[in-house]
*Asks:* 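Before I ask anything, here is the structure I am working with.
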Amino acid sequence: MIEIRLPDGKALDVPAGSTVLEVAERIGAGLARAALAGRIDGELVDLRTTIESNAAIEIVTSRNPEGGEVIRHSAEHVMADAVKRLHPNVQIDVGRTDHSEKFQYDFLVENPFTPADLEQIEKEMQKILAEKCPFTRRVVTRDEARALFSEMGEELKVSRLDDIPEDAEISVYEHGQFTDLCRGPHVQRTDQIGAFKLTETAGAYWRGDESNPMLQRIYGTAFANKKELKAHLQAVEEARQRDHRRVGQDLELFFIDPLSPGSPFYLPKGMILYNGLIDFIRSLYPAYGYDEVMTPQVFRTEIYKTSGHYQLFRDDMFLMQGDEDEELGLKPMNCPGHCVVFASRKRSYRELPLRLAEFSRLHRNERSGTLTGLSRVRSMAQDDAHVFCEPEHVDQELDRFFEMTDEVYRALEIEGFEVAVSTQPSEFVGDPADWKLAEQTLVGAVERAGFQHAIKPGDGAFYGPKVECDFRDVLGRAWTLSTLQIDVAMPERFGLRYIGRDGNPHRPAMLHRAILGSLERFIALYTEMKGADFPFWLAPEQAVVLPITEKHLDYARGVGKALTDAGLRARVDDRNEKLGFKIREAELCKIPLMLVVGDQERADGTVTPRWRHGASGKAGATPVPALVEALAQDVDNRRTPRISQ
RNA sequence: GCCGGUGUAGCAUAGUGGUUAUUGCAUCUGCCUUGUAAGCAGAGGGUCACGAGUUCGAAUCUCGUCACCGGCUCCA
């Protein structure tokens, strides 16, 4: 007998070798019916897993978040089963369920799936659910597995066997006639997948390699019941309303015209955001020791041959012909130019660290299929800077980067990001030993800053490893905003030297870094994070004056002028409409402050403030000069106004 | 770049081979004189993305091009 500890603190004695499901049955028949998976000492396991020694056991049902994952993982198998039933010649590759609400499965198929195919597959899946097929788990040897899948004609599956480590247990799961190589866990019966929906199809290269054939992927989502599915679909729909592409158009921030795919046209209101963010970052530079420079937009390609861009980044560059044999390139990054600035005269250790900042526009000829609103563009500006320092000062510069990032995130009130360190890619410049060292240096800095982080193998820039802060958009896609890279190549390629204390020339260390990332991507993500409720100091339109009737127009215009004279972005809604109508419009336009003026206000020289989302001022009517002064001061301090909000 | 989907007025949409292309919001005009999220009425606005083809007839079917959307690859 072994002792089982349950989450409520109770203990249970069961025979060694009991399954998790048997433990659930001991606790109660209802729990056993609802069980989807279990946990042994915290590790998610299948219900059929046997328990060999004393352990803490937890039964996972649809009430646990992991329950959903198990359901989706099982739905994956059911989908593959349905596809095989309808299209026996299709080969299955692998499925995947990440921590989102999605599941997917890849198929090698002659003709890509159509939306009509999806409907059919859904119907077939419904049948499989109705059949209430039990899932069974079987451990097999590598040879057995190979023979099994070869016999079924699943060649892709056979090749996937090689991905499984030598010492790992190989298990297959079966339900009905369908067998798949799988670690599990899975639900007990197909009907425990209460509700699902196939959402989309997509092409996906086999093993994620562009040189491999393209498989067809189907995405879906599944839940314990219809209610949860409906709630999820509704949440997705609501998130779409915050999509920066929609908001950017509705609020007239920017647009992108087919005449220049991937290159935004910023409208006046979008420019307020763009310039406001740059001004904010620029305001921090004196304290953090940055010097702003501006370097050319177009260079002779020699510079890119020196930097390595010409060899490794060429497909992403806009190249053009100059005079005769001269080839020119629009700059995709500021780093080569900053190396030229560094090298423009002799440098002493006394002027290091030299931190060169630049907000120039950059152009990258991104492949057409990758463009996405402002998140991925061909024309952008970064809040870019390159730090040249003595090698022994790198750690301290990295710490300073995290401090500045923290200050910016706090001021903009953003959070919820994931940190990752990306390592040496297959195509790179520099010495692999330097890469190793740089990677360790980055990891050390991330740990000092107190961040949990993932490693992204091979995802570094061609000139060095990077640390990145990724934020998710409304569709759950991760995008890098802040990033820092240690450059292991350019200082040497450009022959950069400074004179040290010892009077000898030394090679400086070089860091690339951006806090907002690119202004474009930042505006995209920030708009979605905030639902376009920008802080008062950044809001494209800060205040609107709402006269009750046309009688109050003159007074309203006076209030509006007092605001604009103080540098605030305000206007008067002089349309002949009811107050409720004007308030609704102002809310939809995301204007933070509405100032209502009628007979009473005009008589007293006041306004009645109403903050967005209906937060009316407790103070009621406020004298105009006091309000204007307080607002202007808060804008100067980039603070959210405290007056009556 | 690759796979799939979509493209109708400023925006959101109806219209799957047959009069003059639908509706809502927005715009303009008039009425109403308005107190915290949509007053009323009328008018204007369309190369149905672009190009070719099929057909007596194409927004609708076919092919090509472009752009966008979701993925893949790549990336701030």
Side-chain angles (χ1 to χ4, degrees), chain A residues 102 104 106 109 111-115 117-118 199-219 240 243 245-246 249-250 252 255-262 313 315-316 332-333 362 364-377 380-384 422 425 459 461 466 468-470 475 477-483 485 512-522 524-525 546-552 575-588 594 596-601 608-617:
Chain A
K102 282 182 176 178
Q104 63 186 58
D106 291 355
V109 43
N111 299 310
F113 296 114
T114 63
D117 287 328
L118 277 199
T199 49
E200 60 233 342
T201 59
Y205 299 109
W206 186 49
R207 288 177 183 276
D209 187 335
E210 211 174 354
S211 57
N212 283 339
M214 187 163 260
L215 307 180
Q216 292 302 314
R217 176 173 296 174
I218 303 178
Y219 284 93
R240 281 186 214 281
D243 190 312
R245 292 166 294 191
R246 169 188 288 267
Q249 185 169 60
D250 289 350
E252 298 190 309
F255 67 91
I256 297 174
D257 190 276
L259 289 168
S260 185
F313 204 73
D315 290 346
D316 288 287
M333 298 183 192
L362 306 172
R364 301 183 186 174
N365 193 6
E366 303 284 353
R367 298 206 279 181
S368 59
T370 64
L371 303 175
T372 305
L374 285 188
S375 309
R376 185 74 182 274
V377 291
M380 62 168 157
Q382 298 176 315
D383 61 326
D384 200 12
S422 295
D459 260 2
K466 64 184 173 192
E468 54 193 59
C469 300
D470 295 345
L475 298 182
R477 301 176 291 200
W479 301 93
T480 298
L481 294 182
S482 311
T483 179
Q485 295 130 27
H512 307 232
R513 47 101 288 175
I515 311 267
L516 302 177
S518 72
L519 271 298
E520 282 65 28
R521 184 173 288 178
F522 187 85
L525 272 286
L546 307 180
I548 300 286
T549 75
E550 288 177 333
K551 285 185 303 185
H552 311 109
R575 292 174 303 173
N576 182 13
E577 297 287 352
K578 289 190 174 179
L579 181 61
F581 180 89
K582 294 179 189 175
I583 287 174
R584 181 179 148 80
E585 296 267 298
E587 289 282 359
L588 294 176
M594 290 157 246
V596 178
V597 296
D599 286 339
Q600 196 61 51
E601 288 81 1
T608 299
R610 180 195 205 275
W611 292 89
R612 65 182 155 204
H613 308 314
S616 296

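Here is how names work: the chains are called A, B, and so on, in the same order as the sequence lines, proteins then strands, and each is numbered from 1.
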*Asks:* Is there any protein nitrogen or oxygen under 3.5 Å from a nitrogen or oxygen in nucleotides 39-46 of chain B, and what are the pairs?
*Replies:*
none

*Asks:* Output the rounded distance in Å from NE2 (A:H552) to C1' (B:U33).
*Replies:* 10 Å

*Asks:* On a whole-Å scale, what distance lies between the C1' atoms belonging to B:G51 and B:U13?
*Replies:* 27 Å

*Asks:* Output the rounded distance in Å from CZ (A:R575) to C1' (B:U27).
*Replies:* 11 Å

*Asks:* For atom C1', what is the distance between B:U22 and B:C56, given to the nearest Å?
*Replies:* 27 Å

*Asks:* For A:L579 and B:G35, give me the distance from atom CG to atom C1', rounded to whole Å.
*Replies:*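 Value for this atom pair: 5 Å.
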
*Asks:* Write down the partner of B:G30 under the Watson-Crick or G-U wobble criteria, each distance required to be under 3.5 Å.
*Replies:* B:C40

*Asks:* Roughly, in whole Å, what's the span from NZ in A:K551 to P in B:G35?
*Replies:* 11 Å

*Asks:* Between A:D243 and A:R245, does a salt bridge (charged side-chain N to carboxylate O under 4.0 Å, His left out) hold up when you go through it step by step?
*Replies:* CA-CA 5 Å; A:D243 190 312; A:R245 292 166 294 191; 2.6 Å; yes

*Asks:* If you assign A:E601 and A:R246 each to the RNA chain B nucleotide with the nearest heavy atom, which residue ends up on the more 5' nucleotide?
*Replies:* A:R246

*Asks:* Only pairs with both distances under 3.5 Å count, Watson-Crick or wobble alike; so what is the partner of B:U60 in this structure?
*Replies:* none

*Asks:* Any base atoms under 4.0 Å from A:E252, or only sugar-phosphate, or nothing? Heavy atoms, all strands.
*Replies:*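 Nothing, no heavy atom under 4.0 Å.
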
*Asks:* Give none if B:A12 has no partner; otherwise give the nucleotide forming a Watson-Crick or G-U wobble pair with it, both distances under 3.5 Å.
*Replies:* B:U23

*Asks:* Expressed as a whole number of Å, how far does the C1' atom of B:A67 sit from that of B:C61?
*Replies:*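 Rounded to whole Å, the distance is 23 Å.
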
*Asks:* Look only at the side chain of A:T483 and the backbone of A:E468, and say whether a donor-acceptor pair between them is shorter than 3.5 Å.
*Replies:* no

*Asks:* I'd like the P distance from B:U16 over to B:U54, given in whole Å.
*Replies:*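 Going atom to atom, P in each nucleotide, I get 25 Å.
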
*Asks:* Where the side chain of A:I548 is defined as all heavy atoms beyond and including C-beta, which of B:G35, B:U33, B:A37 is the nearest nucleotide?
*Replies:* B:G35

*Asks:* With rounding to the closest Å, how many angstrom separate the P atoms on B:C63 and B:U73?
*Replies:* 29 Å

*Asks:* Please report the distance, rounded to the nearest Å, between CG in A:L118 and C1' in B:C3.
*Replies:*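 Rounded to the whole Å, the gap is 13 Å.
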
*Asks:* On a whole-Å scale, what distance lies between the C1' atoms belonging to B:A14 and B:G7?
*Replies:* 16 Å

*Asks:* For nucleotides 61-76 of chain B, give me one character per nucleotide, 5' to 3': B if any protein heavy atom sits under 4.0 Å from the base, S if the only such contacts are to the sugar-phosphate, - if neither.
*Replies:* ------SSSBBBBBBB

*Asks:* Roughly how many Å apart are B:A58 and B:G53, using the C1' atom of each and rounding to a whole number?
*Replies:*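 Roughly 11 Å separates the two C1' atoms.
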
*Asks:* Apply side-chain contact (heavy atoms from CB on, under 4.5 Å) to A:E585 and A:R575, showing your working.
*Replies:* CA-CA 11 Å; A:E585 296 267 298; A:R575 292 174 303 173; 3.3 Å; yes

*Asks:* Using Watson-Crick or G-U wobble geometry with both distances under 3.5 Å, which nucleotide pairs with B:C2?
*Replies:* B:G71

*Asks:* Let me know, please, whether A:L215 or A:L588 comes out on the 5' side of the other along RNA chain B by nearest nucleotide.
*Replies:* A:L215

*Asks:* Going by the side-chain contact (heavy atoms from CB on, under 4.5 Å) test, name the single residue among A:R364, A:R367, A:E520, A:R521 that passes it with A:R376.
*Replies:* A:R521

*Asks:* Both distances below 3.5 Å, Watson-Crick or wobble geometry, any strand: find the nucleotide opposite B:U54.
*Replies:*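 Across any shown strand, B:U54 pairs with none.
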
*Asks:* Please check this pair: side chain of A:D383 against backbone of A:L516, looking for a donor-acceptor N/O pair closer than 3.5 Å.
*Replies:*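 Side chain of A:D383 to backbone of A:L516: a pair is present.
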
*Asks:* Measuring from the side chain of A:Q249 (C-beta onward, heavy atoms only), which nucleotide among B:U36, B:G4, B:A12 has the closest atom?
*Replies:*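 So the nucleotide nearest the side chain must be B:A12.
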
*Asks:* Has the side chain of A:D459 got a donor or acceptor atom that lies under 3.5 Å from a matching backbone atom of A:S422?
*Replies:* no

*Asks:* Using Watson-Crick or G-U wobble geometry with both distances under 3.5 Å, which nucleotide pairs with B:U65?
*Replies:* B:A49

*Asks:* Please give, in whole Å, the distance from B:A37 P to A:E585 CD?
*Replies:* 14 Å

*Asks:* Do the side chain of A:K582 and the main chain of A:P547 share a donor and acceptor less than 3.5 angstrom apart?
*Replies:*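 Answer holds: yes.
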
*Asks:* Calculate the interatomic distance between A:Q600 atom CD and B:U36 atom P; express it in whole Å.
*Replies:* 15 Å

*Asks:* Once rounded to the nearest 0.5 Å, what's the spacing between atom NE2 of A:H512 and atom CD of A:Q382?
*Replies:* 10.5 Å

*Asks:* When you measure from the side chain of A:E587 to the backbone of A:R612, do you find a donor-acceptor pair of N or O atoms at a distance under 3.5 Å?
*Replies:*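 The answer is no, because no donor-acceptor pair under 3.5 Å joins these two groups.
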
*Asks:* In whole Å, I'd like the distance from the CG atom of A:D117 to the P atom of B:C3.
*Replies:*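 In whole Å, B:C3 P and A:D117 CG are 17 Å from each other.
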
*Asks:* Can you confirm whether the side chains of A:T201 and A:Q216 place a donor and an acceptor under 3.5 Å from each other?
*Replies:* no

*Asks:* Would you name the heavy atoms of A:I256 and A:G373 that are closest together and state the gap between them?
*Replies:* CD1-O, 3.5 Å

*Asks:* Using the C1' atom in both, what is the distance from B:G42 to B:U36, to the nearest Å?
*Replies:*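 My reading of the C1' atoms in B:G42 and B:U36 gives 30 Å.
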
